[in-house]
Amino acid sequence: MSLRRWILVVSAALGVAVVGTVAYAVWPRRATPFTEEEAVADFRGRPENIASSDGAAGEREVPAEGVYVFSATGGEDVKLGPLPAQSRPYPDVVPVVVVHTEPGCFTVTLNLLDQHTEDTTYCTDGAESLRLDTHVKHQEVGALSPTATMTCDPSRLLGPDAPAHDLHCRLVLSGGPVDLTADVDGVARSSRPVVTQVGGADIDAVRLDSSYGISGDLDGTWEESLWLRASDLLPLRIERDLDLEGLATFEEHSTLVLSDLEPAT
């Protein structure tokens with residue numbers, strides 16, 4: 001083989017390798033359901049958690065630990081940097097893991113897809129209070145696995161003093177082509193106790209509506225409604241509309257409804 005032909009062959013092989021690498025990075029991945037069995041295995045594999053309450057007078061109960069099953073509708077569209085947009089419908093059933101973290105705090109993990117899970121930690125510091133400790137979103141976009149972390153100050157969602165509370169949060173998206181930041185400002189409003197149904201049973205609940213405006217490297221809105229069991233703040237229903245644009249694009253519209261009050265452990 002002549003030197004010129006050898007160079008052409010090597011160049012062609014390198015070109016194929018580069019194209020293959022790029023195609024792997026940008027090719028849309030499938031939306032894979034996260035099964036209840038996987039959620040139970042995840043729950044059982046977590047470190048032993050501390051008690052949910054230190055027994056202080058007036059302290060509010062928090063939800064029992066375990067895996068809860070929610071019926072789901074909706075889906076998402078995601079795009080990160082130069083990668084193509086991906087449209088992913090949510091499965092009919094979504095398992096949600098609840099664990100206790102520190103006294104009065106609990107983490108709710110939404111397993112929307114294998115490619116999209118979320119950890120939201122709530123804390124109570126009184127019989128009628130609830131605050132948002134952290135919200136962490138894990139997603140897969142192409143070959144990348146970005147993580148969005150939101151922390152708030154002030155962070156109160158429920159309180160005995162007023163039906164509405166202002167929130168100021170900072171959102172940091174890492175793991176993408178570049179790190180992105182945004183300010184998240186909103187208001188959380190609670191309603192008078194309402195009655196909702198789970199498995200045919202009437203449950204006393206508190207409805208919490210949160211509305212956020214987002215600005216910075218990402219711009220958009222986030223509207224979310226939570227129905228929380230009045231006795232222990234167990235999520236009974238979650239409705240969300242999220243629209244973000246910028247160097248990353250996230251659009252999510254979903255409704256999750258609890259199917260059974262008894263968690264699997």
Side-chain angles (χ1 to χ4, degrees), residues 25-29 31 72-90 94 107-122 130-158 163-190 207-226 235 237-256:
V26 304
W27 194 262
R29 306 301 201 265
T73 58
E76 63 186 42
D77 292 285
V78 297
K79 188 178 188 302
L80 190 62
L83 302 183
Q86 300 181 42
S87 294
R88 304 193 283 217
Y90 293 147
V94 167
T107 296
V108 178
T109 299
L110 303 184
N111 296 296
L112 296 167
L113 294 164
D114 273 345
Q115 296 81 13
H116 180 178
T117 64
E118 298 182 7
D119 301 303
T120 305
T121 298
Y122 301 99
L130 181 70
R131 58 183 172 84
L132 175 62
D133 186 62
T134 57
H135 175 75
V136 184
K137 182 191 298 282
H138 310 273
Q139 287 190 295
E140 292 182 12
V141 185
L144 302 177
S145 299
T147 297
T149 302
M150 187 174 80
T151 54
C152 304
D153 185 16
S155 61
R156 188 168 302 283
L157 299 171
L158 293 173
H165 296 273
D166 293 330
L167 298 110
H168 176 68
C169 312
R170 189 68 169 169
L171 179 68
V172 178
L173 179 67
S174 59
V178 294
D179 289 350
L180 307 176
T181 60
D183 290 318
V184 184
D185 292 294
V187 177
R189 293 182 174 87
S190 58
R207 176 170 172 168
L208 177 64
D209 295 306
S210 300
S211 178
Y212 302 93
I214 302 169
S215 60
D217 294 330
L218 302 171
D219 292 285
T221 58
W222 176 5
E223 306 285 340
E224 183 165 289
S225 295
L226 298 175
R237 183 183 181 97
I238 306 170
E239 295 181 357
R240 180 185 295 172
D241 289 289
L242 174 67
D243 290 282
L244 294 180
E245 295 182 349
L247 296 176
T249 300
F250 299 97
E251 182 176 343
E252 178 186 336
H253 306 285
S254 60
T255 298
L256 307 182

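Values reported hereafter were calculated over all heavy atoms of this structure, with side chains retained and with hydrogens, waters and symmetry mates removed. Every value quoted in this text rests on a predicted model; they were computed, and no experiment measured them.
Ion pairing of Arg240 with Glu223 is absent here, as no side-chain N (NZ or NE/NH1/NH2) approaches a carboxylate O to less than 4.0 Å. Salt bridge status for Arg131 with Asp133: present, with a side-chain N to carboxylate O gap under 4.0 Å. Salt bridge Lys137/Glu252: present, at least one basic N to carboxylate O contact under 4.0 Å.
A distance of 3.5 Å separates CG in Asp77 from OG in Ser87, rounded to the nearest 0.5 Å. Note: Asp241 CG to Ser211 OG = 10.5 Å, rounded to the nearest 0.5 Å. Atom OH of Tyr212 and atom CG of Leu244 lie 13.0 Å apart (nearest 0.5 Å). Note: Glu239 CD to His253 NE2 = 13.0 Å, rounded to the nearest 0.5 Å. Rounding to the nearest 0.5 angstrom, the gap separating the CD1 atom in Ile214 from the CG atom in Asp219 is 9.0 Å.
In the model, Asp183 has no side-chain atom that pairs as donor or acceptor with a side-chain atom of Ser215 under 3.5 Å. For Thr117 and His138, the side-chain atoms include no donor-acceptor pair closer than 3.5 Å. There is a side-chain donor-acceptor pair under 3.5 Å between Thr107 and Thr121. Residues Thr221 and Asp243 bring no donor and acceptor atom of their side chains to less than 3.5 Å of each other. With no hydrogens or angles considered, no side-chain donor-acceptor pair links Asp179 and Ser174 at under 3.5 Å.
Using a 4.5 Å heavy-atom threshold, the side chains of Asp209 and Ser190 count as separate. Using a 4.5 Å heavy-atom threshold, the side chains of Leu208 and Leu158 count as touching. Put simply, the side chain of Val187 does not reach to within 4.5 Å of the side chain of Ser210, judged on heavy atoms. The side-chain heavy atoms of Leu171 and Thr149, taken from C-beta on, include no pair separated by under 4.5 Å. The side-chain heavy atoms of Ser225 and Arg207, taken from C-beta on, include a pair separated by under 4.5 Å. Between Leu132 and Thr120, some side-chain heavy-atom pair lies under the 4.5 Å cut-off. At least one side-chain heavy atom of Gln115 sits under 4.5 Å from a side-chain heavy atom of Arg88. Using a 4.5 Å cut-off on side-chain heavy atoms (C-beta onward), Thr255 and Tyr90 make no contact.
Residues Glu140 and Ser145 share a closest heavy-atom pair of CG-OG, 3.9 Å. The nearest pair of heavy atoms linking Gly142 to Gln86 is N-NE2, 2.8 Å. Here the shortest heavy-atom pairing between Pro146 and Gly176 reads CB-N, 4.5 Å. Residues Lys79 and Gly81 come closest through the heavy atom pair NZ-O, 2.8 Å. The two atoms that bring Ala182 and Leu218 nearest to each other are CB-O, 3.9 Å, heavy atoms only. Scanning all heavy atoms of the two residues, the minimum distance from Ala248 to Leu180 falls at CB-CD1, 3.9 Å.
Annotation: side chain to side chain donor-acceptor pair (under 3.5 Å) contacts of His116 (sequence neighbours excluded): Glu76, Glu118, Gln139.
For Asp185 (side chain) and His168 (main-chain N/O), no donor-acceptor pair under 3.5 Å exists by modelled atom type.
By the neighbour-count criterion of 12 heavy atoms within 6.0 Å, atom CZ of Arg189 is sparsely surrounded, having that number or fewer from other residues, nucleotides or ligands.
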So Thr181 and Arg170, side chain to side chain contact (heavy atoms under 4.5 Å, CB included) or not? Walk me through it. CA-CA 7 Å; Thr181 60; Arg170 189 68 169 169; 3.4 Å; yes

Test Thr134 against Tyr122 for side chain to side chain contact (heavy atoms under 4.5 Å, CB included), laying out the working first. CA-CA 7 Å; Thr134 57; Tyr122 301 99; over 6 Å; no

